[in-house]
Colleague: 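Structure incoming, see below.
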2 protein chains.
Amino acid sequence: MIKENTSNAANRQFLYKVCRINGALDMIAGRWKGLILIHISEGQNRFSLLKQLLPVSDQVLGKQLRELEADKLISKTVIPEVPVRVDYQLTEKGKAVIPILEALAEWRDL
Amino acid sequence: MIKENTSNAANRQFLYKVCRINGALDMIAGRWKGLILIHISEGQNRFSLLKQLLPVSDQVLGKQLRELEADKLISKTVIPEVPVRVDYQLTEKGKAVIPILEALAEWRDL
DNA sequence: TATATCACTCATTTTTTTGTGAGTAACTCA
DNA sequence: TGAGTTACTCACAAAAAAATGAGTGATATA
């Protein structure tokens, strides 16, 4: 959780207003978010699939997915099978960030 | 500082190997780095100029600059005037990331 | 009845990141 | 002599992010 009225929070707000880069980075810089977005874009779009692919606990995975959903990069469809099944999809915003992530990957090894 | 032999550190290493996106994000996701890179690219390339432009202490600014230098996004030239003057420049790698940062800024408001 | 699966949430601890307080060297100007 | 400038560094505190332990509901299978 982010507290208000600390200079940390004030700085974050300043940057959010002054610099759109920071707003963008806040949405994608979570530790597992890059890989999650790539996997979903490739069809690995279930909670349990992602859990197999990433050395990460349910709890951490769940949190990253919640945040991606809150920022509207992904959406989910609950299919009431037994046990329940949930499919994740990229939104338009999510799809639009994939080429930028690929550009970042290329850039890293420059 | 990053400690070794914690699962936190292990996960970071895993991601560094498996996903170049994370390596890239580690270099640019520091709170002030986006703006610092943009300012330097526009010629606001001194410590004291950056300090005026950003609501940030010497210490934090210094640390972000040290990290950007360690990752080879910027380099510096010490000019032995009195008092000493230091100019920062973008390296080729630093120049190459600017269009990606601009794409991120555009993407944010999608 | 007991165990298992899927897809989670909540509370707490650990680790990292960001910010603060204090201090440095070299030299100039009053 | 004392204050001011630039460009820092170090030690420590505060805040945020990531990881861990425990538990949930619905159903199905043994």
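Throughout, a chain's letter reflects where its sequence line sits, starting with A, and its residues are numbered from 1.
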Colleague: Hey, which sits more toward the 5' end of DNA chain C by its nearest nucleotide, Pro83(B) or Val84(A)?
Modeller: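 Checking each residue's closest nucleotide, the 5'-ward one belongs to Val84(A).
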
Colleague: Just N and O in the side chain of Arg46(A): are any of them under 4.0 Å from OP1 or OP2 of dC6(C)?
Modeller: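 Checking dC6(C) against Arg46(A), no side-chain N or O comes under 4.0 Å of OP1 or OP2.
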
Colleague: Ignoring backbone atoms, establish whether Lys76(A) has a side-chain N or O less than 4.0 Å from OP1 or OP2 of dC8(C).
Modeller: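 Yes, such a contact exists.
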
Colleague: Whole angstroms only, please: what is the CD-P distance between Gln13(A) and dT18(C)?
Modeller: 17 Å

Colleague: Looking at Arg85(A), does any N or O in its side chain come under 4.0 Å of the phosphate oxygens OP1/OP2 on dT27(D)?
Modeller: no

Colleague: Distance check, rounded to the nearest 0.5 Å: Arg85(A) atom CZ versus Ser48(A) atom OG?
Modeller: 9.0 Å

Colleague: Within less than 4.0 Å of OP1 or OP2 of dT17(C), is there a side-chain N or O belonging to Trp32(B)?
Modeller: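 Looking at the OP1 and OP2 atoms of dT17(C), neither is under 4.0 Å from any side-chain N or O of Trp32(B).
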
Colleague: Keeping Gln44(B) on the side-chain end and Glu42(B) on the backbone end, is there a donor-acceptor pair under 3.5 Å?
Modeller: no

Colleague: To the nearest Å, how far apart are Phe47(B) CZ and dA7(D) C1'?
Modeller: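 Rounded to the whole Å, the gap is 6 Å.
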
Colleague: Rounded to the nearest Å, what distance is computed from the CG atom of residue Asp58(A) to the P atom of nucleotide dT20(D)?
Modeller: 12 Å

Colleague: So which atom in Arg31(A) and which in Asn11(B) form the shortest heavy-atom distance, rounded to 0.1 Å?
Modeller: NH1-CB, 4.0 Å

Colleague: May I ask you to evaluate whether Arg31(A) reaches the phosphate of dT16(C), defined as a side-chain N or O under 4.0 Å from OP1 or OP2?
Modeller: no

Colleague: Examine dG19(C): is either OP1 or OP2 under 4.0 Å from a nitrogen or oxygen in the side chain of Asn11(A)? Give yes or no.
Modeller: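 Yes, such a contact exists.
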
Colleague: Heavy atoms only, 4.0 Å cut-off, all strands: where does Ser48(B) land among base, sugar-phosphate and nothing?
Modeller: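 Since only primed, P, OP1 and OP2 atoms lie under 4.0 Å of Ser48(B), the category is sugar-phosphate.
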
Colleague: Are Ser7(B) and dA18(D) close enough that a side-chain N or O sits under 4.0 Å from OP1 or OP2?
Modeller: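 It does not, given that no N or O in the side chain of Ser7(B) lies less than 4.0 Å from OP1 or OP2 of dA18(D).
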
Colleague: Given Leu35(B) and Ile21(A), is the side-chain contact (heavy atoms from CB on, under 4.5 Å) satisfied, shown in steps?
Modeller: CA-CA 8 Å; Leu35(B) 263 185; Ile21(A) 294 166; over 6 Å; no

Colleague: Give one of base, sugar-phosphate or nothing for Glu81(A), where a contact means two heavy atoms less than 4.0 Å apart.
Modeller: nothing

Colleague: For the side chain of Arg66(B), starting at C-beta, report the closest nucleotide among dT16(C), dA15(D), dC8(D).
Modeller: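 Looking only at side-chain atoms, Arg66(B) lies closest to dC8(D).
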
Colleague: Need one value for Val86(B): base, sugar-phosphate or nothing, where a base atom within 4.0 Å counts as base even if backbone is also close, heavy atoms only.
Modeller: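 Sugar-phosphate contact only - Val86(B) comes under 4.0 Å of backbone atoms but never of a base.
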
Colleague: Would you say Lys51(B) reaches dC8(D)'s phosphate, i.e. side-chain N/O to OP1/OP2 under 4.0 Å?
Modeller: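 Result: no.
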
Colleague: From dA19(D), dA22(D), dC8(C), pick the nucleotide closest to the side chain of Gln59(A)?
Modeller: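 Between dA19(D), dA22(D), dC8(C), the one nearest the side chain of Gln59(A) would be dA22(D).
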
Colleague: Is there a side-chain contact between Arg12(B) and the phosphate of dT16(C), meaning an N or O under 4.0 Å from OP1 or OP2?
Modeller: no

Colleague: Using OP1 and OP2 only, check whether a side-chain N or O of Gln64(B) sits under 4.0 Å from dT18(C).
Modeller: yes

Colleague: Verify, without hydrogens or angle tests, whether Arg108(A) (side chain) and Met27(B) (backbone) share a donor-acceptor contact under 3.5 angstrom.
Modeller: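 Between the backbone of Met27(B) and the side chain of Arg108(A) there is no qualifying donor-acceptor contact (under 3.5 Å).
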
Colleague: In whole angstrom, give the distance that lies between atom CG of Leu25(B) and atom C1' of dA18(D).
Modeller: 16 Å

